[in-house]
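Below is one structure, written out as structure tokens; the observations come after it.
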Number of protein chains: 2
Amino acid sequence: MAADPLSRVFAALADPTRRDMVARLAVTDSTVGELAEPYAVSVQAVSKHLRVLEDAGLVSRSRDAQRRPVHLEAEVLDLMTTWIERYRRQAEERYRRLDDVLASMPDDVAPTDVSPTHPTDVSPTQPTDVSPTHPTDATPPGGNPS
Amino acid sequence: MAADPLSRVFAALADPTRRDMVARLAVTDSTVGELAEPYAVSVQAVSKHLRVLEDAGLVSRSRDAQRRPVHLEAEVLDLMTTWIERYRRQAEERYRRLDDVLASMPDDVAPTDVSPTHPTDVSPTQPTDVSPTHPTDATPPGGNPS
DNA sequence: ACTGTTGTCAACCGTCTGGTTGAGGATGCC
DNA sequence: GGCATCCTCAACCAGACGGTTGACAACAGT
């Protein structure tokens with residue numbers, strides 16, 4: 001199990017069954033048994049998948065007698081969206097600038113990669129989240145998984 | 001290696017080193033050696049990571065003599081964003097409706113989960129992407145990885 | 001109390017993953 | 001040509017992962 005929250009969340013959604021369960025939980029809370037029903041795997045396997053989702057903070061489990069209603073903690077998805085959008089925007093701005101440079105110059109000169117002209121405070125030129133001691137990623141806002 | 005594109009992309013970003021490389025590539029294209037430099041792992045390990053990113057469609061590698069400039073295919077990130085936003089919005093609408101119901105009723109009646117009152121065409125009540133034969137997820141728009 | 005339902009834990013298994021070392025090809029410089 | 005630089009491939013390894021079966025606890029109905 002990866003230690004940092006972002007890795008946990010991405011890893012949790014790397015499995016199609018888990019992704020499908022998240023999609024269904026977006027529609028309505030469900031018990032473990034209900035979640036397991038459409039899949040050709042055992043309930044134990046589904047319980048295991050839910051453990052992964054819970055440890056990633058993506059779902060929470062409550063009790064209703066012997067049933068375990070599962071609830072999607074949708075705001076945890078923001079963790080990923082924030083990360084993705086941050087770097088996607090950055091890259092696309094750069095590519096747009098490269099397109100502009102290409103459009104404004106003769107055909108026989110090829111420019112090199114257009115880097116930012118001044119370092120920004122989001123520049124990840126130093127590794128930011130591969131520190132082996134403690135990752136600097138934000139904790140999931142959904143609360144403490146287990 | 002997972003077969004479907006979404007699983008590949010999520011899995012690719014589940015590793016902090018790979019995530020960091022993507023973040024750095026958002027700023028500027030880099031060679032394998034440049035990407036490897038800040039990490040306490042071998043160049044071979046980094047090359048392997050890049051293979052994963054390439055197979056997920058997130059990066060492309062070109063040739064410049066013996067160097068291998070690596071380019072981020074940022075639009076592939078949209079694959080994940082699209083998926084995430086779809087279900088996050090759905091869930092949050094549901095929770096908002098539940099909050100409204102709670103606000104409009106006496107304190108001694110607890111409602112059950114608020115499901116959509118009519119099925120929508122995005123309802124994932126049937127498994128959509130765990131079909132063992134062929135996943136229905138979209139192919140990465142960044143082109144064919146390898 | 002007995003039986004059925006629901007779900008988790010433990011152990012096991014085959015496969016995958018993130019790292020390693022060793023080898024070697026492509027390219028550039030002297 | 002010899003040497004340096006850059007990078008990939010292959011094989012190996014320990015640990016992780018997605019599945020299984022068996023066992024069992026909590027709960028509900030008769």
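These values consider heavy atoms only, across backbone and side chains, with no hydrogens, waters or symmetry-generated copies. Bear in mind the structure is a predicted one, so any value in this text is a computation, not a measurement. So you know, we letter chains A, B, ... as the sequences are listed, proteins then strands, and number each from 1.
- Taking atom CG of residue A:Leu50 and atom P of nucleotide D:dG19, one finds them 12 Å apart after rounding to whole Å.
- Of all nucleotides listed (D:dT20, C:dG28, D:dT8), D:dT20 comes nearest to the side chain of A:Val41.
- Side-chain nitrogen and oxygen atoms of A:Arg61 include none within less than 4.0 Å of the OP1 or OP2 phosphate oxygen of C:dG7.
- No side-chain donor-acceptor contact under 3.5 Å links A:Thr28 and B:Arg94.
- Rounded to whole Å, the distance from CZ on A:Arg67 to C1' on D:dA25 is 16 Å.
- Here C:dT17 presents its P atom at 12 Å from NE2 of B:His49, a figure rounded to the nearest Å.
- Side-chain contact between A:Tyr87 and B:Val27: absent, with no pair of heavy atoms (C-beta onward) separated by less than 4.5 Å.
- When the P atom of D:dC17 is taken as reference, atom CZ of B:Phe10 falls 17 Å away, rounded to whole Å.
- Residue whose closest nucleotide on DNA chain D sits further toward the 5' end, between A:Lys48 and B:Pro69: B:Pro69.
- Between B:Phe10 and A:Phe10, the angle of the ring planes lies from 30° to 60°, which puts this pair in the tilted group.
- Under a 4.0 Å N-O distance rule, the pair A:Arg96/A:Glu93 does not qualify as a salt bridge.
- In this structure, B:Glu54 atom CD and D:dC7 atom P are separated by 14 Å, rounded to whole Å.
- Nearest to the side-chain atoms of A:Gln66 among the listed nucleotides D:dT8, C:dG19, C:dT6 stands C:dT6.
- Contact check on B:Arg88 versus A:Asp78 returns a salt bridge, with a Lys/Arg side-chain nitrogen under 4.0 Å from an Asp/Glu carboxylate oxygen.
- Put simply, B:Arg18 has a side-chain N or O that comes within less than 4.0 Å of OP1 or OP2 on C:dG18.
- Atom CZ in A:Arg51 sits roughly 6 Å away from atom P in C:dC9 (whole-Å rounding).
- As judged by a 4.0 angstrom heavy-atom cut-off over every strand, B:Ala45 is placed among the base-contacting residues.
- Across C:dT6, C:dC9, D:dC27, the shortest atom-to-atom separation from the side chain of A:Arg63 is found for D:dC27.
- Straight-line distance from the CD atom of B:Glu34 to the P atom of D:dT5: 15 Å, rounded to whole Å.
- Contact check, A:Ser47 against C:dG7: no side-chain N or O comes under 4.0 Å of OP1 or OP2.
- Taking only side-chain atoms of B:Ala65, from C-beta outward, the nucleotide of D:dA28, C:dG7, C:dG28 with the closest atom is C:dG28.
- In this structure, B:Gln44 and A:Ala40 both approach DNA chain D, and ranking their closest nucleotides by distance from the 5' end singles out B:Gln44.
- What separates CG of A:Asp55 from P of C:dC9 is a distance of 10 Å, to the nearest Å.
- Taking 4.0 angstrom as the limit, A:Thr31 places a side-chain polar atom (N or O) nearer than this to OP1 or OP2 of C:dG7.
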